[in-house]
Amino acid sequence: MSDNRTDKSATRGFFFAMGAYMIWGSLPIYMKAVDHMPLMEVVAYRVLYSLPVAGIILLLLGRTSDLKAALRSPRTLLLAGVTALLISVNWGIYIWAVANERTVETALGYYINPIVNILLGAIFLGERFNRIQLTAIALVVAAVTLMTVHAGGVPWISLALPISFGIYGFLRKTLPIGPSQGFFLEVLLLSVPSVLVLVYFNIKGEGHFMSGNHVDTALLVFAGPATAIPLILYAFGAKLLRFSTLGLMQYIGPTLIFIIAVFVFDEPFSKVQLAAFCLIWTALALYSSSSIRQSLATNRSKKVSEVDHG
């Protein structure tokens with residue numbers, strides 16, 4: 001009976017995570033639709049319209065007591081302020097890149113993200129690399145070096161996105177509240193500067209909300225659900241799935257972004273970029289195989305331990 005429940009939980013977790021990655025992978029289409037609007041205005045509306053979505057979910061889950069405790073903790077508020085700043089920077093870079101026809105670079109950045117997580121674990125947690133992980137890191141370094149030499153400069157988009165999101169994820173784990181409460185707290189803190197930004201645009205007469213164009217207004221309102229829903233779906237999926245499964249699924253997002261960039265937006269894709277992507281894909285294959293082997297070994301040892309103590 002317990003195995004059946006586990007299977008059902010895993011299935012629900014799979015669909016939660018799949019929904020999150022499908023939305024994230026499709027977001028460039030939305031970003032392209034709002035690329036005629038100022039970057040800061042779009043980010044501000046992403047924050048403001050995420051707030052009611054996250055709030056409703058918190059009420060439905062009955063998790064408001066955790067939030068009240070967090071609001072009384074200066075340390076939690078400070079940490080949430082840092083994670084809020086990191087995620088807003090990540091959003092801003094992503095929106096700017098899509099608007100400036102550099103979506104391919106964002107896909108590469110999110111492919112690099114798992115390798116950045118390995119590095120963060122080594123730097124902040126003292127984790128050691130195994131040989132496969134070292135090889136994967138070396139391949140990523142080779143890919144970045146290749147693109148740097150070819151472009152005559154560091155591919156900052158492909159590095160800034162995974163670094164900002166990687167540090168965000170690392171710090172987010174230290175927040176002493178759940179994922180949905182943490183997200184609500186972040187957008188709550190960001191709502192104050194967001195309101196100031198929108199007041200500025202409206203005073204200058206450059207705001208697009210309720211400016212007579214109903215399509216622009218609808219797109220700005222949609223920014224909230226498009227931001228909040230995948231983050232919350234991901235949080236629930238992560239709780240119900242094995243780490244190795246979630247690790248493999250995280251490539252769905254950048255793969256969709258890559259397909260949209262090349263085949264929908266018709267962005268240029270050079271042979272050098274192809275070579276860099278091949279290096280990254282090889283690194284990810286090595287990383288994934290290593291993660292799966294570690295996960296299987298952990299599960300086997302747990303089963304042995306359960307039998308021994310049974």
Side-chain angles (χ1 to χ4, degrees), residues 10-11 13-31 90 93-94 97-98 102-121 130 132-144 146-147 155 157-170 172 229-231 233-265 267 269 273-296:
T11 301
F14 175 83
F15 283 110
F16 282 139
M18 177 63 78
Y21 286 121
M22 292 294 286
I23 294 171
W24 278 330
S26 305
L27 268 183
I29 294 172
Y30 170 76
M31 298 305 175
N90 185 272
I93 294 170
Y94 185 48
V98 174
R102 298 176 73 171
T103 313
V104 169
E105 292 177 58
T106 70
L108 181 62
Y110 285 121
Y111 275 127
I112 292 173
N113 198 77
I115 310 301
V116 169
N117 290 338
I118 295 174
L119 290 170
L120 289 173
N130 59 38
I132 295 176
Q133 288 174 333
L134 280 172
T135 304
I137 291 168
L139 288 171
V140 170
V141 171
V144 172
L146 182 63
M147 290 186 68
I157 293 172
S158 298
L159 292 176
L161 284 174
I163 289 171
S164 60
F165 195 74
I167 296 173
Y168 166 77
F170 179 81
R172 193 72 155 66
I229 290 172
L231 278 170
L233 284 173
Y234 173 80
F236 285 112
K239 281 189 173 183
L240 297 170
L241 285 176
R242 291 179 178 178
F243 178 76
S244 57
T245 304
L246 197 65
L248 288 173
M249 291 183 74
Q250 70 185 314
Y251 307 134
I252 295 170
T255 300
L256 282 175
I257 293 170
F258 173 75
I259 291 169
I260 290 169
V262 175
F263 298 104
V264 178
F265 296 163
E267 289 189 12
F269 188 62
Q273 284 176 310
L274 176 60
F277 267 80
C278 287
L279 288 170
I280 297 294
W281 288 330
T282 304
L284 292 177
L286 290 171
Y287 163 78
S288 299
S289 63
S290 175
S291 297
I292 290 169
R293 279 199 294 270
Q294 286 179 349
S295 179
L296 290 172

Chemist: Report the distance from atom CG of Leu27 to atom CE of Met22, rounding to the nearest 0.5 Å.
Modeler: 12.0 Å
Chemist: Considering only distance and modelled atom types, tabulate donor-acceptor pairs under 3.5 Å from the side chains of residues 160-170, sequence neighbours left out.
Modeler:
unit_1 : atom_1 : unit_2 : atom_2 : d
Ser164 : OG     : Asn90  : ND2    : 2.9
Ser164 : OG     : Ala160 : O      : 2.8
Ser164 : OG     : Leu161 : O      : 3.1
Tyr168 : OH     : Arg172 : NE     : 3.1
Tyr168 : OH     : Glu186 : OE1    : 3.0
Tyr168 : OH     : Glu186 : OE2    : 3.4

Chemist: CD1 of Ile257 to CD1 of Ile29: how many Å apart, nearest 0.5 Å?
Modeler: 10.5 Å
Chemist: Sub-3.5 Å donor-acceptor pair from the side chain of Glu267 to the main-chain atoms of Thr103, do we have one?
Modeler: yes
Chemist: Please enumerate all residues that pass ring pair (Phe, Tyr, Trp, His ring centres under 6.0 Å) together with Phe265, with sequence neighbours excluded.
Modeler: none
Chemist: As an exercise, state the distance from CG of Leu146 to CG of Leu139, rounded to the nearest 0.5 Å.
Modeler: 12.0 Å
Chemist: Using every non-hydrogen atom in the two residues, find where Ile23 and Pro230 come nearest and quote the distance to one decimal.
Modeler: CG2-CG, 3.8 Å
Chemist: If you take all heavy atoms of Ala97 and Thr106, which pair is closest and at what distance?
Modeler: CB-CG2, 3.4 Å
Chemist: Can you list every salt bridge (Lys or Arg N to Asp or Glu O under 4.0 Å) pair that touches residues 102-114, not counting sequence neighbours?
Modeler: Arg102-Glu105
Chemist: What are the two closest heavy atoms between Ser26 and Ile260, and how far apart are they?
Modeler: CA-CD1, 4.0 Å
Chemist: Are any non-hydrogen side-chain atoms of Tyr30 and Val98 less than 4.5 angstrom apart?
Modeler: no
Chemist: Decide yes or no for Pro114 and Leu284: does some side-chain heavy atom of the first lie under 4.5 Å from some side-chain heavy atom of the second?
Modeler: yes
Chemist: Indicate the atoms forming the closest heavy-atom contact of Ala136 with Ile115, along with that distance.
Modeler: CB-CD1, 4.1 Å
Chemist: Nearest 0.5 Å please: distance from the CE atom of Met147 over to the CD1 atom of Ile157.
Modeler: 9.5 Å
Chemist: Rounded to the nearest 0.5 Å, what separates atom CG in Leu274 from atom CG in Leu279?
Modeler: 10.0 Å
Chemist: So which heavy atom on Ser158 is nearest to which on Ile112, and how close?
Modeler: O-CD1, 3.7 Å
Chemist: What are the two closest non-hydrogen atoms of Phe14 and Met249, and how far apart are they?
Modeler: O-CE, 3.6 Å
Chemist: Would Tyr234 and Trp24 count as a close aromatic pair, with their ring centres under 6.0 Å?
Modeler: yes
Chemist: In this structure, are over 12 heavy atoms from other groups packed under 6.0 Å from Phe15 atom CZ?
Modeler: no
Chemist: Quick one: CD1 on Ile280 to CG on Leu108, what's the gap to the nearest 0.5 Å?
Modeler: 5.0 Å
Chemist: Between Phe258 and Tyr111, does the ring centroid distance fall short of 6.0 Å?
Modeler: no
